[in-house]
Each structure stands twice: as structure tokens, then as C-alpha cells.
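Computed over heavy atoms, backbone and side chain alike; hydrogens, waters and symmetry mates excluded. The chains referred to below are lettered A, B, ... by the order of the sequence lines, with proteins before strands, and numbering in each begins at 1.
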Number of protein chains: 2
Amino acid sequence: MKLTSKGRYAVMALVDLARFDSINPVSLRDISLRQGISLDYLEQIFSKLKKDQIVKSIRGTQGGYVLSKKPNEIKLTNIFHAVDEKVKTVQCKKDSKKGCNGKATKCVTHNLWDELENHINSFFEKKSLEDLLKSSTENRI
Amino acid sequence: MKLTSKGRYAVMALVDLARFDSINPVSLRDISLRQGISLDYLEQIFSKLKKDQIVKSIRGTQGGYVLSKKPNEIKLTNIFHAVDEKVKTVQCKKDSKKGCNGKATKCVTHNLWDELENHINSFFEKKSLEDLLKSSTENRI
DNA sequence: ACTATACTTGACCATTTTAGTCAAGTATGT
DNA sequence: ACATACTTGACTAAAATGGTCAAGTATAGT
């Protein structure tokens with residue numbers, strides 16, 4: 001099981017954004033420099049975040065991105081969903097008329113992954129951007 | 001985030017094994033046929049399970065594998081650990097003297113993954129092979 | 001002792017996913 | 001007009017995944 005860095009970057013970038021948001025739109029270039037994430041990659045990520053209305057873009061000279069909602073309204077689950085970071089349960093083929101793996105019975109792990117998925121999602125649903133914002137300022141050196 | 005099928009196969013195979021264990025050692029060939037998992041791949045997996053003393057091998061004509069412990073003593077966490085299925089947190093480079101990503105500060109996601117990891121592991125530590133065994137017989141068609 | 005069965009080990013490989021890069025735009029504030 | 005910044009889409013090197021293939025070794029039963 002693993003978490004990809006796309007999800008991690010999205011979270012890092014949004015925390016960065018939330019921190020500077022209040023004053024002006026934040027350009028991806030600034031985020032790129034501050035967080036050490038490739039600008040090209042950030043563009044991909046923010047395009048998805050925008051599609052899910054987590055951020056808004058503002059064009060023009062002093063443009064950039066701003067959050068669409070307040071930090072406490074943005075849950076991790078929203079962020080991960082936006083960038084297609086999901087809990088894949090490596091499920092059995094669902095197409096067949098028979099059970100899992102072409103057997104007559106439901107495979108023994110079938111319910112297990114469902115339970116696990118719920119368990120993980122409950123974690124992501126509880127954590128908001130605001131929570132991260134707090135702990136990140138605590139950790140500042 | 002995803003779970004690989006190696007972990008899923010390991011769980012499926014062990015539940016199968018646990019179900020027939022009481023009578024005789026179970027050959028990988030039987031498990032392969034019943035669960036629809038490639039024999040060659042099962043060999044790889046069981047080699048790891050054996051190294052972590054989750055199963056014992058019995059050679060010879062009527063040989064096969066048996067569980068090393070009782071089903072309620074085998075937790076999912078043990079199984080996943082054995083087959084190298086782990087929660088990868090896609091962490092920041094740890095080598096540098098500075099903080100994450102060469103920045104002066106700890107990156108904001110640093111603690112987050114730690115928390116998540118604990119959350120997931122607590123799930124795996126609770127579930128034993130016996131639990132799965134029960135629910136698998138309930139689901140039989 | 002022989003042999004079939006079953007475990008053991010290690011090299012190898014095709015496909016998919018990841019983590020980006022590159023290029024060519026379009027929109028807008030000043 | 002023009003610099004800045006967002007937008008879109010094609011492309012790709014490297015790693016992980018999900019296996020296969022080959023060549024053994026050990027042992028129970030006859």
C-alpha cells in the first residue's frame with residue numbers, strides 16, 4: 001500500500017496557499033519555489049483542484065490561485081479525491097457473473113477491503129486543511 | 001494509495017490453508033486451484049510467509065504447508081509485514097541535514113503520514129485470521 | 001534404492017503507474 | 001502592447017507490479 005507524492009504535493013501546496021491566501025492570490029511559481037515542487041507538476045495538480053472547486057484561479061499580472069472555501073471546510077478526503085488519489089482495494093473482477101476470480105464463492109477478502117476503505121476514509125474525512133495549518137505553524141523551526 | 005494483490009493473495013491463501021489445515025498439510029497446488037492464484041506466485045509468497053514463521057513447510061509426497069500458530073494468533077499485520085506489503089508514506093528525503101525537501105522547515109505533511117500510518121496499522125492489528133475465517137464461511141454461496 | 005511429489009531459489013520480463021518534462025497556447029491587468 | 005500567469009495536452013524515463021521460467025533439493029512411500 002502506498003501514497004503517491006501527487007497527493008502529498010497537493011496537500012503541501014494547499015497549506016502553503018492557505019497561509020498566504022488572505023493577502024493576495026498566490027502564484028504557482030511562488031509555491032513551487034517555497035515548497036520545492038516542479039512548477040509544471042503543480043500546474044497539473046492545480047488544474048484538478050480547480051475542477052473540483054477547491055481553488056479558484058485569477059488570471060492576469062498579479063493573478064494566481066485562492067482557496068474556494070475556508071480551510072476548515074476543505075477535508076483531506078476532498079483533496080485526495082480531486083487529484084485521483086484513492087484507496088484502491090485491488091478488487092476482484094466485478095464483470096464476471098460468477099464470484100471473485102471466477103470462483104463460485106465470494107472471495108474471503110471481499111469484505112475486508114471494504115472495511116479497510118471505510119476505516120481509512122474516516123481518517124481523511126476528519127482532517128481538514130485548518131488542522132494541518134495549525135500543526136504546520138507549530139512545527140516551524 | 002493502493003493495496004497490491006500480493007497482500008490480497010497472501011490473505012486468501014492463508015484463509016484457504018486455515019480451513020483445511022486441521023486434517024493434512026495443504027499443497028500449494030491445491031490452494032492454487034481453489035483460489036485461482038498462479039502456483040509460481042504462491043511459491044514466492046509462501047517462501048516469505050515461512051521466513052516469518054507464519055507457516056511451516058512439510059516436504060515429501062503428502063507434504064505441503066501448515067499454519068505455525070493458531071488462526072487467532074495470526075494478525076493481518078503479521079501477514080502484510082511478511083510479504084513486504086507496507087504503508088509507504090512517500091516521505092521526504094531523510095538524509096539531508098536540513099528539513100524536508102531541502103527546506104529549513106519540516107514539511108507540513110510530515111506528521112500527517114505518521115498519524116495515518118498508525119490509524120491503518122491499528123486496523124490490521126485488530127483483525128486476525130480467525131476473524132476472516134468466520135466471515136468467509138458466512139459468505140459461502 | 002527409486003521415484004513421484006512437493007518445496008526452494010533465483011533470474012527474468014511485460015505491463016502499468018509514477019512523476020515528472022516540454023511545448024504551444026489563451027486570458028488579463030497595467 | 002506586453003508581461004505575467006493560467007491552460008491544455010502530448011510525451012517519457014524510471015520504478016513498481018505481477019507475474020513466468022528454469023533448475024534445482026528434500027523426503028515419503030513402495
Between dT4(D) (C1') and D30(A) (CG): distance, integer Å:
12 Å
Does the side chain of T61(B) get closer than 4.0 angstrom to OP1 or OP2 of dT3(C) through an N or O atom?
no
How close or far is atom C1' of dT30(C) from atom CD1 of I58(A), stated in whole angstroms?
16 Å
Does a side-chain N or O of K50(B) approach OP1 or OP2 of dT8(C) to a distance below 4.0 Å, or not?
yes
Starting from P on dT9(C), measure out to CG on L49(B) and report it in whole angstrom.
14 Å
Quick one: list whatever passes ring pair (Phe, Tyr, Trp, His ring centres under 6.0 Å) with H81(B), sequence neighbours left out.
none
Protein-nucleotide distance (R8(B), atom CZ; dT17(D), atom C1'), rounded to Å
14 Å
After noting the C-alpha distance and the side-chain angles of H119(A) and S122(B), does the key distance pass the side chain to side chain contact (heavy atoms under 4.5 Å, CB included) rule?
CA-CA 10 Å; H119(A) 185 73; S122(B) 79; 3.8 Å; yes
K50(B)-S57(B) side chain donor-acceptor pair, cut-off 3.5 Å
yes
For dT7(D), does OP1 or OP2 lie under 4.0 Å from any side-chain N or O of S57(A)?
yes
Taking side chain to side chain donor-acceptor pair (under 3.5 Å) as the definition, give me every residue that meets it alongside K127(A), ordered by chain and number, with sequence neighbours left out.
E115(B)
Here the distance between atom C1' of dC6(D) and atom NZ of K51(A), to the nearest Å, is 15 Å
note: L42(B), atom CG; dG18(D), atom C1'; distance rounded to Å ~ 13 Å
Looking only at atom types and distance, does a side-chain atom of T77(B) sit under 3.5 Å from a main-chain N or O of F124(B), one as donor and one as acceptor?
no
Counting N and O atoms only, with roles assigned by atom type, does the side chain of E73(B) sit under 3.5 Å from a partner on the main chain of K70(B), one being a donor and the other an acceptor?
yes
Y65(B) atom OH is separated from dT27(D) atom P, nearest whole Å, by 14 Å
Treat primed atoms plus P, OP1 and OP2 as sugar-phosphate and everything else as base, then score nucleotides 20-27 of chain C 5' to 3': B for base contact with protein heavy atoms under 4.0 Å, S for sugar-phosphate contact only, - for none.
BBB---BB
Has the side chain of D131(A) got a donor or acceptor atom that lies under 3.5 Å from a matching backbone atom of S128(A)?
yes
Rounded distance in Å - NZ (K56(B)) to P (dT8(C))
13 Å
